[in-house]
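These notes concern the structure reproduced below.
If you're wondering where the values come from, they're calculated on a predicted model, not measured in any experiment. Chain identifiers are assigned alphabetically (A, B, ...) following the order of the sequence lines, protein sequences preceding nucleic acid strands; residue numbering begins at 1 within each chain.
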Amino acid sequence: MKGCIIGPRQRSDCELWLLEEGKKAFSGFFYAPMTSVVVKNNRVYFKGKDLSELDFVIPRIPRTYMWFGYNILRLLEGKLYMPIDPKSVLISHNKFWTLLALREAGLPVPDTYMTASRKTVSGLLDEMKYPVVMKLLYGSLGKGVMFANTKQSAISFMDTLERFKEPLFLEEYIKNPGEDIRAFVLGGEVIGAMKRIAEKDELRTNIGIGGSGEPLELSTKLKDLAIKAAAALGMDVTGIDIIEGPKGPIIIEANVNVHFEGLTRALGTNIAKEIVEYVKSEVSTQHFTRVEKMFADILKKQKS
Amino acid sequence: MKIVIVGDPKREKKDAPIVEEARAKFDEVVYAPIDQIRFDISKKSKPKGMSVRFGDRDLSEFDYVLPVPTFAHSELFYTLLWMLEDSRKPFSADQYLLFMNNGLLRNRLRSKRLKMRGYISVASNVSLDNVNGGLEFPLLVRPPQKKVKVSSMGTLKEVISLYKFGTPILIDKPVSTDMDTWVFVVGNEVVASYKSYQRKEKISVPSVTGTKLNRIAVKARKAVGCDYCAIRFLLKGDRWVIDTVSLSPDFANFQNATGVNVARHIISNAAEGKSGAERMWFEKIEDFVKRNIPILSK
């Protein structure tokens, strides 16, 4: 079996681990940085090699490359296996689109509002209950997330966010004790979860900005929620972030390039190996013609 | 009947013909700048828990939603089309996605055996060193907005490096011609066309397009699935090559060159109850199977 990871030029630990495990498991496995991928007349090439001749790709497409990555995956779709739907790259990198897809699937998400007009935001701020969460549409690792306790502080944040020339994104604050849950979904199953706890005086729980993680055994209800979220977003490999709010669990985010360093440490499990093994089993059984894939997808959803 | 026209405030004047025509056909016409639209995902928004609002108006209440999209706000327009999935409109979110990415649009047209020039697409100047067969200059560089002609690898790399990292850039060979033909298609009809000569002064004259070009134009419109579009053709030898397909042409240009009010055709199309999202036959079959497979699998 031959395949590759398509990812950022600067590889994180996760990409390196995947590469290491992939080289052990597959006869041909390499890393294709997005900066070196070329599309030529409907074909995708990396250093002269036509990627459609591979058996699979593992996309780890960063936000800055999402449109190019989407194009690549659309061209490869139906020709080889990939553990995400091409559209997942777009939907999961855009926080509003993520919540929209989840709400469409009937899953619980925070009330969220988006607009590009300062005037419209000002009107919205009058309606909101405080604190509110203000976000950049495309932030990651906790960056670009602000909590406004009053309308005045919200206006100050709005003034700051305006310089990024992105639409403004307001979300209801779900009361929680500075914790959330990261569930790692692989192939329709939760293979591990951890509770992420924010640093003192911090509301964001991301490990990358000082949060800590401890393993957590999820209830069936939470597992089902995470699995449904992954399915709604078209991803076989993803991290789903959930907050246990006063009225029940709420999904706040999904991660198409899920970082699993924290989870690996917390669980003591080789997540990269599990991903590679999953891909291997899928490649062995998947059919790649569009009609066959369609039926396979339908039957998979029915079973789940 | 009520219509809402959603446009980019920067081209409000260019969209004025559409608004004017709509006033003649619809009982209520609202022009909503896309940047003032509010997108809500809220439990208070019944029945689906989401709504699209302009001021105190819910856009799903309108009989027809007519977006006139621009690249600058393409993601907002996509969100609008997605959230108003059930509304009557000239194209769907998935169809609009083709226009958000030049490469995908070309792929779609090629898949319908429409003549398109060969191209390469990159997102960084580093990948240019890996292009199979090398590059022959001069080339046209087509980032999401405005094309640039380059004559050397050095210049090409410099131009690409000016764009935001990761921006998909399409590159193709220019066609040597001093004339292009713009065609406006609504449904299965070419309603207006003009030739534009790039001489000392740009001259546009009405064109009577032959049957062949009309056929190609309608085929291209069907390939992308929208109700209407403007297409720019170049003549390469004796073959018509599609250069651009646009959902937001300059309506005044068409009218000035041809005397045809294309905005009127768009609005008539809307008022007559024609809705976009003309789907490919395969997608219709796929939907049918997905709806019926639980029965078949029992």
Check each atom of B/Tyr78 against the heavy atoms of chain A and say whether the ones under 4.5 Å are side chain, backbone, both or neither. side chain
Heavy-atom distances under 4.5 Å only: say whether A/Ile91 touches chain B with side chain, backbone, both or neither. side chain
Check the pair B/Ile41, A/Asp111 against side-chain contact (heavy atoms from CB on, under 4.5 Å), reporting the backbone distance first and the verdict last. CA-CA 5 Å; B/Ile41 300 173; A/Asp111 282 356; 5.8 Å; no
Would you check if B/Asp35 and A/Thr120 make a side-chain contact, meaning some heavy-atom pair closer than 4.5 Å? no
Can you find a side-chain donor-acceptor pair between A/Glu104 and B/Trp82 that sits under 3.5 Å? yes
Between A/Pro110 and chain B, with a heavy-atom cut-off of 4.5 Å, which part of the residue counts as in contact: side chain, backbone, both or neither? backbone
For B/Glu136, look at atom CD and say whether over 12 heavy atoms of other residues, nucleotides or ligands are found less than 6.0 Å away. no
Non-hydrogen atoms of B/Gly49 and A/Arg103 that approach each other most closely: O-NH1, 2.8 Å
Check whether any side-chain heavy atom of A/Lys87 lies under 4.5 Å from a side-chain heavy atom of B/Asp94, and answer yes or no. yes
Gap between atom CZ of B/Phe165 and atom CZ of A/Phe68 - 0.5 Å precision: 11.5 Å
Checking heavy atoms, do the side chain of A/Val44, its backbone, both or neither come under 4.5 Å from chain B? neither
Sub-4.5 Å side-chain heavy-atom contact between B/Ser121 and A/Val38: no
Min side-chain heavy-atom separation B/Asp40-A/Thr112 under 4.5 Å: no
Quick one: are B/Ser127 and A/Phe46 in side-chain contact, heavy atoms under 4.5 Å? no
Nearest heavy-atom neighbours spanning B/Glu75 and A/Trp67: OE2-NE1, 3.1 Å
Side chain to side chain donor-acceptor pair (under 3.5 Å): which pairs involve residues 157-171 of chain B, sequence neighbours left out? B/Asp129-B/Lys157
Taking only Lys NZ, Arg NE, NH1 and NH2, and the carboxylate oxygens of Asp or Glu, determine whether A/Glu127 and B/Lys44 approach each other closer than 4.0 Å. no
For a side-chain contact (heavy atoms from CB on, under 4.5 Å) check, start with the C-alpha distance between B/Val131 and A/Tyr45, then their side-chain angles and the critical distance, and finish with the verdict. CA-CA 8 Å; B/Val131 174; A/Tyr45 294 94; over 6 Å; no
Sort out for me which of A/Leu124, A/Thr115, A/Asn71 touches chain B most, counting heavy-atom pairs under 4.5 Å. A/Asn71
Kindly indicate whether the side chain of A/Val39, heavy atoms from C-beta on, has any atom under 4.5 Å from the side chain of B/Tyr119. yes
May I ask you to decide if A/Tyr113's main-chain N or O and B/Arg38's side chain share a donor-acceptor pair within less than 3.5 Å? no
For B/Lys10, is the NZ atom crowded, meaning more than 12 foreign heavy atoms sit under 6.0 Å from it? no
So for A/Arg9, is it side chain, backbone, both, or neither that comes closer than 4.5 Å to the heavy atoms of chain B? side chain
Determine the minimum heavy-atom distance between A/Tyr65 and B/Ala123, stating which atoms define it. CE2-CB, 3.4 Å
What part of A/Leu75 gets within 4.5 angstrom of chain B, counting heavy atoms only: side chain, backbone, both, or neither? side chain
Heavy-atom count around B/Lys236 NZ within 6.0 Å, excluding the residue itself: above 12? no
Heavy-atom check, side chain of A/Arg74 versus side chain of B/Asn101, under 4.5 Å: no
Closest contact, heavy atoms only, B/Met83 versus A/Leu100: CG-CD2, 3.6 Å
Atom NZ of B/Lys43 with >12 non-hydrogen neighbours under 6.0 angstrom: yes
Taking every non-hydrogen pair under 4.5 Å, which of B/Pro168, B/Ser124, B/Ser42 racks up the most with chain A? B/Ser42
Is any side-chain heavy atom of B/Leu76 closer than 4.5 Å to a side-chain heavy atom of A/Met114? yes
Separation between CG (B/Leu128) and OG (A/Ser36), nearest 0.5 Å, reads 10.5 Å
Between the CG atom in A/Asn94 and the OG1 atom in B/Thr79, the distance rounded to the nearest 0.5 Å is 6.5 Å
